[in-house]
**Q** 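The structure that follows is given in the form of structure tokens.
Fair warning: this is a prediction, and the values are worked out from it, not measured in the lab. Letters A, B, ... mirror the listed sequences (proteins, then strands); counts begin at 1.
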Amino acid sequence: MEHVSMVFDRDGKSVPVLDDINLDVSEEEFICLVGPSGCGKSTLLNLMGGFLSPTSGSITIDGEAVHGPDPRRILVFQERGVFPWLTVAGNIGFGLSKLSRAEREERITHYVQLVRLQGFEQTYPSDLSGGMKQRLQVARALAVNPDILYLDEPFGALDSVTRLIMRGELLRIWQAERRTIIFVTHDIDEAVQLADRVVVLSSRPAKIENILTIDIPHPRNISSRRYLELRDDLLSKIGLAYTV
Amino acid sequence: MNSLAKPRGWEKFFWPLLAAGLLLALWHYSVLWTATKVFPSPLSVEKGLAELLRKHVLWSDIGDSLRRVALGFGMAAIVGIPLGLMLGWYPALNQVLNPVLQILRPISPIAWIPVAIIFFGIGDRAAVFLIFLGSFFPIVVACVSGVSNVPAIFRRAGRNFGLSPTQILARVIFPAALPQILIGLRIALGVAWLVVVAAEMIAVDSGLGYLVIDSRNSGKRYDLVVAAMLMIGLIGLALDFGFRRLETIRSVRWGFRHES
């Protein structure tokens with residue numbers, strides 16, 4: 001991603017949202033984007049996903065410029081992203097209509113197992129919990145075998161206990177099927193627990209303020225000294241107080 | 001007892017039946033006390049109904065009315081659903097056609113009767129045309145709003161998985177809008193059943209509407225008039241009840257509030 005800027009036109013006034021963002025992401029890397037709310041994290045994700053075009057600059061993936069959405073990179077939404085008219089199996093199979101029936105069934109079975117939704121294949125999303133719906137969304141995304149997964153505050157609508165469990169689940173899934181993951185969050189702990197690198201954005205217009213490498217191997221001990229150091233470091237970089 | 005208490009099995013039937021029984025009693029005694037010679041009592045209506053059944057006119061009238069509704073409503077659905085989906089899908093087209101639709105929509109199908117007779121003459125086709133008109137607009141409006149209410153997130157997911165616009169319409173927009181389309185169809189069916197009675201009073205010489213007007217015109221048989229009215233009410237209820245069953249189909253149930 002080189003020199004990406006984005007200016008929105010709102011009520012005749014131009015509102016700069018992103019200002020000269022440069023970021024290089026390696027394959028199979030887990031990147032967390034953090035920053036104050038409304039700073040343009042989601043805009044950046046939408047640019048990378050091809051849902052928006054940058055005002056200036058360019059986004060290239062494996063040397064190929066991003067023009068429009070593509071099943072090789074799937075965006076996972078915060079909530080209500082699963083299709084309520086399809087069963088769990090139907091949702092996972094949504095992007096697989098080009099495959100033969102047998103191949104599709106096989107993929108569905110595989111991803112149902114990966115996200116631990118066995119026994120719920122014929123269940124509709126209205127009968128699933130919030131955490132199960134998000135796992136289903138991740139499974140639907142992974143089923144089309146994308147290179148990159150963009151997650152836009154995927155656990156933002158979950159309660160804190162479920163969130164903690166979901167982080168573990170996501171790491172487990174990521175370790176089973178390595179993909180490049182770009183994960184937008186406003187939760188510091190989430191970023192330090194999950195990411196290889198944390199990208200800190202400033203408030204609007206967003207610039208990259210800092211990039212923090214989290215050098216603790218998984219599974220991470222969230223009360224180890226190194227973890228707390230990195231967490232404090234990140235908090236101070238965002239400019240938050242240590243005490244509440 | 002509060003509103004949260006679950007009514008016992010027998011209560012679910014007992015109280016509505018009691019209310020209906022009380023109304024019948026009120027009707028019966030009102031006729032007795034006012035000593036009216038014109039308005040029939042429930043008992044004479046019941047005799048009238050039996051008479052209609054004996055003469056085998058009731059079933060053929062019901063059949064004719066239902067056939068007209070099926071034709072008019074069916075055509076309205078066949079034309080209205082695709083048109084509504086297109087208008088919802090292309091907002092620019094909707095802006096062009098919406099004013100015309102909004103002007104035509106509030107015109108009661110009854111007002112179209114003279115026009116229908118010019119177009120189709122006296123006969124079945126005029127009646128079917130009126131039913132078509134009555135049910136067409138609710139269907140189109142429901143489809144347009146159904147499509148425009150589909151969350152952007154679903155369209156984006158559809159695009160993300162590499163679907164073509166036609167595929168998005170068929171696999172995302174249509175299923176997402178289906179609950180609202182069903183509501184529109186149900187309203188349209190209710191309107192169709194209202195319109196068929198009115199249309200049959202003017203345009204044709206069979207059907208429940210004709211039965212009502214003919215019973216009055218040939219000998220002021222108000223017992224038969226009320227009997228036919230009751231049949232109209234019961235069949236309308238049955239149609240609505242039947243259509244509501246569709247709302248419990250699993251792939252649309254998410255769009256309706258259901259007490260679980």
**Q** Just to be sure I understand the criterion: a residue of residues 170-197 of chain B counts if one of its heavy atoms is under 4.5 Å from a heavy atom of chain A. Which ones qualify?
**A**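 Residues R171(B), V172(B), P175(B), A176(B) are the ones that qualify, each having a heavy atom under 4.5 Å from chain A.
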**Q** Who in residues 96-113 of chain B is close to chain A, using a strict under-4.5 Å heavy-atom cut-off?
**A**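 Listed by number, there are no contacting residues, so the answer is none.
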**Q** Heavy-atom pairs under 4.5 Å with chain B are the metric here; pick the option from P84(A), G81(A), P69(A) that has the most.
**A**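 If we count pairs closer than 4.5 Å to chain B, P84(A) comes out on top.
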**Q** Please check if atom CZ in R178(A) has more than 12 non-hydrogen atoms from other residues, nucleotides or ligands closer than 6.0 Å.
**A**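 Yes.
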**Q** Above 12 or not: heavy atoms from other molecules or residues under 6.0 Å from CD of E27(A)?
**A**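 Not more than 12 within 6.0 Å, no.
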**Q** Is the CZ atom of F120(A) crowded by more than 12 outside heavy atoms at less than 6.0 Å?
**A**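 It does not: F120(A) CZ has 12 such atoms or fewer within range.
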**Q** Can you measure from CH2 (W254(B)) to CG (L86(A)) and round to the nearest 0.5 angstrom?
**A**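 Those atoms lie 10.0 Å apart.
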**Q** I need the contact set between residues 139-154 of chain B and chain A: heavy-atom distance under 4.5 Å, sorted by residue number.
**A**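 Within residues 139-154 of chain B, the residues that come under 4.5 Å of chain A (heavy atoms only) are I153(B), F154(B).
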**Q** If we define contacts as heavy-atom pairs under 4.5 Å, which of L75(A), D70(A), V82(A), I74(A) has the most with chain B?
**A**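 Of L75(A), D70(A), V82(A), I74(A), I74(A) has the most heavy-atom pairs under 4.5 Å with chain B.
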**Q** I need the T87(A) OG1 to R250(B) CZ distance, nearest 0.5 Å.
**A**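 Atom-to-atom, T87(A):OG1 and R250(B):CZ are 10.0 Å apart.
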**Q** Measure N46(A) against the heavy atoms of chain B and call it side chain, backbone, both or neither at under 4.5 Å.
**A**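 Contact with chain B: side chain only.
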**Q** Spell out the residues in residues 160-168 of chain B that have some non-hydrogen atom less than 4.5 Å away from a non-hydrogen atom of chain A, in order of number; otherwise answer 'none'.
**A**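 Checking residues 160-168 of chain B against chain A gives N160(B), F161(B), G162(B), L163(B).
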**Q** Within a 6.0 Å radius of atom CZ on F14(B), are there more than 12 heavy atoms belonging to other residues, nucleotides or ligands?
**A**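 Correct, the count exceeds 12.
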**Q** Does CZ in R125(B) sit with more than 12 non-hydrogen atoms of other residues, nucleotides or ligands closer than 6.0 Å?
**A**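 It does not: R125(B) CZ has 12 such atoms or fewer within range.
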**Q** What do you reckon, is CE of M86(B) surrounded by more than 12 foreign heavy atoms closer than 6.0 Å?
**A**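 Counting other residues, nucleotides and ligands, CE of M86(B) exceeds 12 neighbours.
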**Q** Side chain, backbone, both or neither: which part of R72(A) has a non-hydrogen atom closer than 4.5 Å to chain B?
**A**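 Answer is neither: R72(A) stays 4.5 Å or more from chain B.
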**Q** Does atom CH2 of W10(B) have more than 12 heavy-atom neighbours, drawn from other residues, nucleotides or ligands, at distances under 6.0 Å?
**A**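 Yes, CH2 of W10(B) has more than 12 neighbouring heavy atoms, counting only those of other groups under 6.0 Å.
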**Q** Cationic tip of R253(B) within the cone over Y124(A)'s six-membered ring, i.e. under 6.0 Å and within 45° of the normal?
**A**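 Not satisfied by the 6.0 Å and 45° rule.
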